[in-house]
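Reading through the structure tokens given below for one structure.
So that the names make sense, note that chain A is the first sequence line, chain B the second, and so on, each numbered from 1. Only heavy atoms go into these numbers, but all of them, side chains included; no hydrogens, no water, no symmetry mates.
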Amino acid sequence: MNLFSEIRELVIEQLTAMQAEGTLPEGLDFKNVAVEPPRDALHGDMATNAAMVLAKPAKMKPRDIAEALAAKLASDDRIDTAEVAGPGFLNLRLDAGLWRDLVKSVLETGTDFGRSDMGQGKKVNVEYVSANPTGPLHVGHTRGAVFGDALASLLDFAGYDVTREYYINDGGAQVDVLARSVYLRYLEAHGQEVAFEDGTYPGDYLIPVGEALKDKVGDAYVGQDESVWLAEIRLYATDAMMDLIREDLKALGIEMDHFFSEKALYGTGLIEGAIASLENKGLIYEGVLEPPKGKKPEDWEPREQTLFKSTDHGDDVDRPVKKSDGSWTYFAPDIAYHFDKVQRGYDLLIDIFGADHGGYVKRMKAAVSALSDGQTPIDIKLTQLVKLFKNGEPFKMSKRAGTFVTLRDVVDQVGADVTRFVMLTRKNDAPLDFDFDKVLEQSKDNPVFYVQYAHARVCSAVKKASDAGIDIADATIADADLSLLSDPAEIAVAKKVAEWPRLVEIASRTNEPHRIAFYLYELASEMHSLYHTGKDKPELRFVQEDNPTTTQAKIALARSVAIVISAGLGILGVTPAQEMR
RNA sequence: GCACCCAUAGCUCAGCUGGAUAGAGCGCUGCCCUCCGAAGGCAGAGGUCUGAGGUUCGAAUCCUCAUGGGUGCGCCA
């Protein structure tokens, strides 16, 4: 039940009636008519811009339309008052019963309250993380992982059929580097002195892999040429790394539906097929790229390569799919992978990239546009950098030195819930400061705590009511006499709860899960505010021990807040706290 | 050189499909527990929304240009 869309339907209905009566001309487009919460609560509960939007096409004065519409709306039971204001806004005050019905509805539907059918079951593929299988996930991956996972949950909540997918980059030269690095650790396990030169991965995480390899094959590879062991160890090592990554994801509470291996594309004809598909559209040619202007690489020399005419689909320059030696560039399997996704019949593709991959957005969009003849929309979200702080000092990361901060470093210190929430308190395209101390602080400066505390307070009130022998089961209080909730402070909370379904739709339309986090903060704030009003006004306390009926109504309101917080945190992948410690 | 992202209060950031007097936290100035609901609440000060044009009844939001910051730019993935 979305009150805003319900009232919008009412507005459209009345506008249509006005057309039938001749008050408004025929042929008007109502799509821009909106019903929204007004910026200032003094203006009422909802406002519509209908008169202003329609004034021009109807060739009428906005206020005239507004006056006529106001008269119509005021006759509806649900509308208390409809007032024209400003340039032609129509401010509506709703019957208080609507808010009470809403609370009842929340209790009846539980955390499914706010689920939307706007996705209409459309198939969406959300690809995220997709880190190279060469080591544990680091902080940058963590943000992408949290963002992608929350977005997937959000879209699911909004009625889409969501697939969570991870593309394993296990086909390139970096896995050879991995294999050689593991080989060094393997020799080390046999007691040899080894040196990690540039171009190898020196991280400690490969030590157990080398040891396990020794346990598995004994000394079979010792002193052998690369040709003997490279392919075997590559396979072994990438498997081990993927196990590691799966563990990392699990620590964050993330489970993928599907892992797609780049390696599996080779030798199957899939890459050739995808490129052939582009070729059939006349988008593949042999040519020489212009050198980049300004910062020209010193060793630049013109080379003829196989190019994808991505400029036909919005890119700035055409992109090579083959190196000058005839082998595929990394872009070719990427094209094949996205071709596969298109062919799997998704209605929408979403890719989550790190900010350092911003340069690939246009070419990927161009590829999908070309491969699907513009039929499959793709949205690519970039997650900006995370800056880590501890004791106010920046945390240095250096992958080369093997001392980069891993996902585990973060999750082990602050927990998955805090990690996830904090990473979602910023727009994906804004850089994020992550301070190990601040995120654990128990104060209102810390949104994680603040929201959790609001939920815990409800739990505590519910427990107190229960201890007083009052039946406060959701099923019971859904039928409580909610007309006992009449104080403006209480109605204000109900109104905030009522915004939840609308918020879900906005967040999913824009693919911006951070809006959930901000909304939860606002909702928590309303909750804390009401809670404290009860200090000065005992009649507003949730638990009235001598009055079970009133208590049930008040607990109903509190529970509706807790339910929405649970649902919201659920989308973010955070567990609501029953109590604070 | 080109492309993409960003610029909102002293600081960190929200701001919906373009809507009314641009919001929140921190910090600052006050107020609220003789523990029975202060890990909190209430109030105040603080803004030419980087700048200049444009579109519009209406612009922080859309367009153009400028300035400042970030990221990326064939034979790495």
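In this structure, A:Met46 places its CE atom 18 Å from P of B:rA20, rounding to the nearest Å. What separates NZ of A:Lys381 from P of B:rC4 is a distance of 16 Å, to the nearest Å. Rounded to whole Å, atom C1' of B:rG23 lies 11 Å from atom NZ of A:Lys496.
One finds the CD1 atom of A:Ile65 at 12.5 Å from the CZ atom of A:Arg63 (value rounded to the nearest 0.5 Å). To the nearest 0.5 angstrom, A:Leu520 atom CG is 14.0 Å from A:Arg515 atom CZ.
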In B/S/- notation (B base, S sugar-phosphate only, - none; protein heavy atoms under 4.0 Å), nucleotides 11-18 of chain B written 5' to 3' is -SSSSBB-
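Here A:His528 does not lie in a stacked arrangement on the base of B:rG40, lacking the combination of planes under 30° and ring centres under 5.5 Å apart.
Considering only side-chain N and O atoms, A:Thr533 lies nowhere under 4.0 angstrom from the phosphate OP1 or OP2 of B:rG41. Put simply, A:Lys535 has no side-chain N or O that comes within less than 4.0 Å of OP1 or OP2 on B:rG40.
When the C1' atom is compared between B:rA60 and B:rG18, the two are found 10 Å apart, to the nearest whole Å. Across B:rU61 and B:rG19, the matching P atoms stand 10 Å from one another, rounded to whole Å. To the nearest whole angstrom, the two P atoms, one in B:rA9 and one in B:rU55, are 28 Å apart. Across B:rC49 and B:rC11, the matching P atoms stand 16 Å from one another, rounded to whole Å. Here the separation of B:rU71 from B:rG10, taken at their C1' atoms, is 29 Å to the nearest Å. Taking the P atom of each, B:rG41 and B:rG54 are spaced 46 Å apart, rounded to whole Å. Here, B:rA7 and B:rG15 have their C1' atoms 15 Å apart, quoted to the whole Å. B:rU56 and B:rG70 have their C1' atoms separated by 33 Å, with the value rounded to a whole Å.
Within 6.0 Å of CD on A:Glu197 lie no more than 12 heavy atoms contributed by other residues, nucleotides or ligands. Within a 6.0 Å sphere centred on NZ of A:Lys263, other residues, nucleotides and ligands contribute more than 12 heavy atoms.
Contacts with RNA chain B (heavy atom under 4.0 Å) in residues 446-455 of chain A: A:Phe449, A:Tyr450, A:Tyr453, listed by number.
In this entry B:rG19 has B:rC57 as its Watson-Crick or G-U wobble partner, both defining distances falling under 3.5 Å. In a base pair of the Watson-Crick type (N1 to N3 plus N6-O4 or O6-N4) or a G-U wobble (N1-O2 and O6-N3), with each distance short of 3.5 Å, B:rA39 is matched with no nucleotide. Summarising the base pairing, B:rC4 is matched to B:rG70 through a Watson-Crick or G-U wobble pair whose two defining distances lie under 3.5 Å. Across all strands shown, B:rC28 is found opposite B:rG44 as a Watson-Crick or G-U wobble partner, with both distances under 3.5 Å.
A donor-acceptor pair under 3.5 Å is absent between the side-chain atoms of A:Asp417 and the main chain of A:Val574, judged by distance alone. Not a single donor-acceptor pair under 3.5 Å links the side chain of A:Glu499 to the backbone N or O of A:Pro37.
The side chain of A:Ser324 lies closest to B:rC75, out of B:rC75, B:rA3, B:rG25. The side chain of A:Val53 has B:rG19 as its nearest neighbour among B:rA20, B:rG19, B:rG70.
At a threshold of 4.0 angstrom between heavy atoms, the contacts of A:Ala85 include nucleobase atoms, whether or not backbone atoms are also involved. If you check every strand for non-hydrogen atoms under 4.0 Å, A:Val317 touches nothing. Looking at heavy-atom distances under 4.0 Å, A:Lys322 makes no contact with the nucleic acid at all. Across all strands shown, A:Asn49 has heavy atoms under 4.0 Å from base atoms, whether or not it also approaches the sugar-phosphate.
Counting only heavy atoms from C-beta outward, the side chains of A:His43 and A:Glu83 never approach each other to under 4.5 Å.
Considering A:Thr134, A:Leu178, A:Val175, A:Val182 in turn, A:Leu178 is the only one that fulfils the side-chain contact (heavy atoms from CB on, under 4.5 Å) rule with A:Met241.
Between A:Tyr337 and A:Phe339, the ring center distance fails the sub-6.0 Å criterion.
Remark: A:Tyr166 pairs with A:Phe259 by the ring pair (Phe, Tyr, Trp, His ring centres under 6.0 Å) rule, at least two apart or across chains.
The glycosidic torsion of B:rC33 lies within 90° of 0, placing the base in the syn range.
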Review point. Taking it one step at a time, do A:Phe147 and A:Tyr128 satisfy ring-ring contact (aromatic ring centres under 6.0 Å, His included)?
Key: CA-CA 8 Å; A:Phe147 176 80; A:Tyr128 55 110; 9.0 Å; no
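Below 30°, between 30° and 60°, or above 60°: for A:His514 and A:Phe518 the angle between ring planes is above 60°, a perpendicular geometry.
Residues A:Asp429 and A:Leu289 both approach RNA chain B. Their nearest nucleotides, taken by heavy-atom distance, put A:Asp429 toward the 5′ side. The residue among A:Gln174 and A:Pro302 whose nearest nucleotide of RNA chain B is located toward the 5' end is A:Pro302.
Judged by atom type and distance alone, A:Asn91 reaches the base of B:rA20 through a side-chain donor-acceptor pair under 3.5 Å.
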